[in-house]
2 protein chains.
Amino acid sequence: MTTSISVQEGTDACNTIGCDNCAVGDLCARYSDNQNKEHEAVLQHYHPLNDSGSHIFWEGDKFDLLYAVKSGCIKTYTLDEDGNERIRGFYLPGDLVALDALYSDEYTSSACAVVPTQVCGIPYSQLTRVVASKPELQQRLLKMMSKDLSTALALAGDYSAEQRMAAFLLHLYEREQQRHIGKNGEIELLMPRRDIASFLRLAPETASRVLSRFQQQGMIRSRQRCLQLNDPQALWALAQPLGITSTPCENRRAA
Amino acid sequence: MTTSISVQEGTDACNTIGCDNCAVGDLCARYSDNQNKEHEAVLQHYHPLNDSGSHIFWEGDKFDLLYAVKSGCIKTYTLDEDGNERIRGFYLPGDLVALDALYSDEYTSSACAVVPTQVCGIPYSQLTRVVASKPELQQRLLKMMSKDLSTALALAGDYSAEQRMAAFLLHLYEREQQRHIGKNGEIELLMPRRDIASFLRLAPETASRVLSRFQQQGMIRSRQRCLQLNDPQALWALAQPLGITSTPCENRRAA
DNA sequence: CGGTATATTGAAGTCGGTCAAACCCGGTGG
DNA sequence: CCACCGGGTTTGACCGACTTCAATATACCG
């Protein structure tokens, strides 16, 4: 859901975003500049969530901290009248969680770990002060929010189950590529089908069927949580109308 | 789609947001502080769009200006393969258009007037400089984006045609109330049914049927573009799961 | 007045949802 | 080592919400 992640040359297979190459790196204290003491207070809480399902906040809690994902995966959700989760978003290493809450005084959704996950809590009040004094950081924060907004608007559109699923898979793929993992088209689905389905406003059965169809057509190979993208081009052709996946390889502006 | 609009006491029936009480007022030069000369350059273009359909930018254009809506209504959209518009959003007086573009170097959608409309172009590069020096402005901009993000995430969820339509109508109603127009439950649908439908990912026929159903149940009274909300409570009960409409009158947190 | 665009209403079709059963797979324990 | 779970996942049959197609009605405008 976020902007490109700068990773040092030669770094490979990083499931954790260290402070040195965290996308939100210079939004927090450590990386930016150590001469400015005020910044050091910003990164307050390094917070390991060892169990999937561990919550970092609940809908309605007083909003005070943003969370930077260092490793693993966070999902946000609200509950419907029957107690079912409506997944609002997934957040991967480098993403900021709760950007949709800072207009309010409380979190607008609950957030919990999908797999064992590490997050850093960033006090919003302090962040704004730091950001005000560092234009590059302000710029980065605005861009992250803008990208999230753009993605959300696209996902809110009237696209078919296939289109949304293709966009989702490609998005994961791109994120993993940026972190130099899953080189040969392999991606790891950290979240259960049920959550993917909910996020894409599908029934779990439909999500499963769509993936089966993709597999029959040879576009992917799905073995449980591990997924092989055999034909990213074909997926991209499906997802292209959403406009959230960058154009792959050769064909720029094909359509 | 935006934060509350501060309007002076005693002001009534304002279809235009003047510079004095524009929600984005102090994001632009005039209102903020005249002693700071740099700010004066920010508001470059006052831009009247006399005809509905007049465009302020097109998808793919180089991104340089945000637009503050002063009066009227702007819609943003992308085109599908058949040339049909997919409405991404409507922007009313006080809103900022193109916040979803500032992560990119080009606009991610096209924007045009729904009715005769006045907008102000705000050079983004200059805005960031001004915002950096004025924490209140930074705060306001972040909150606007956050609110937009929150709304978009909610609208992306799996809700019924009725629920989305109810949320949409209530949203319009609240916006008009904030501007002290449409006191007795009347709202003006500036945009054609087709656009409302597209925005809510419905067929125009479905949108029409939903409104008919609302009318049969006595919740609204629909005469062409003018709409009377007879039972906002009932609408709110429908829209409540989306979480984007503030709770009306007495019943806080009813469910 | 037509004439065109928009809005509504009706009938038939489709995509995705629901319900139910089967499957798969890791884990446990005999 | 294998039987037996129990969850997540897949598959099939049916159902329903929304769409599509078609026709009619209504508003807008010269």
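Within every chain, numbering begins at 1; the chains are lettered A, B, ... in the order of the sequence lines, protein sequences first and strands thereafter.
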Query raised in the report: Expressed in angstrom and rounded to an integer, what is the separation of A:Gln215 atom CD from C:dC24 atom P?
Result: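 It works out to 13 Å between those atoms.
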Query - Rounded distance (Å) that lies between atom C1' of D:dT10 and atom CZ of A:Phe214 - result: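 So the CZ-C1' distance, A:Phe214 to D:dT10, works out to 16 Å.
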Just to be sure I understand the rule, does [X] reach a base, reach only the sugar-phosphate, or reach nothing, if contact means heavy atoms closer than 4.0 Å?
X        : result
B:Leu202 : sugar-phosphate
A:Arg164 : nothing
B:Glu205 : base
B:Arg209 : base
A:Arg223 : nothing

OP1 or OP2 of [N] sitting under 4.0 Å from any side-chain N/O of [X]?
X        : N      : result
A:Ser160 : C:dC15 : no
A:Arg225 : C:dC25 : no
B:Thr206 : D:dA17 : no
A:Arg194 : D:dT9  : no

Requested in this report: Would you indicate whether the side-chain heavy atoms of A:Asp80 and B:Tyr159 approach each other to under 4.5 Å?
Outcome: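 SC-SC contact between B:Tyr159 and A:Asp80 ruled out.
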**Report entry** Reported CG-to-CD distance for the pair A:Leu79 and A:Glu59, which is rounded to 0.5 angstrom
**Finding:**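 Between A:Leu79 CG and A:Glu59 CD, I get 7.0 Å after rounding to 0.5 Å.
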Query - Plane angle bin for A:His55 and A:Tyr77 - parallel if under 30°, tilted between 30 and 60°, otherwise perpendicular - result: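 Perpendicular, since the angle between the ring planes exceeds 60°.
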Query raised in the report: Between D:dT10, D:dT19, D:dC28, which nucleotide gets closest to the side-chain atoms of B:Ala203?
Result: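 Nearest listed nucleotide: D:dT19.
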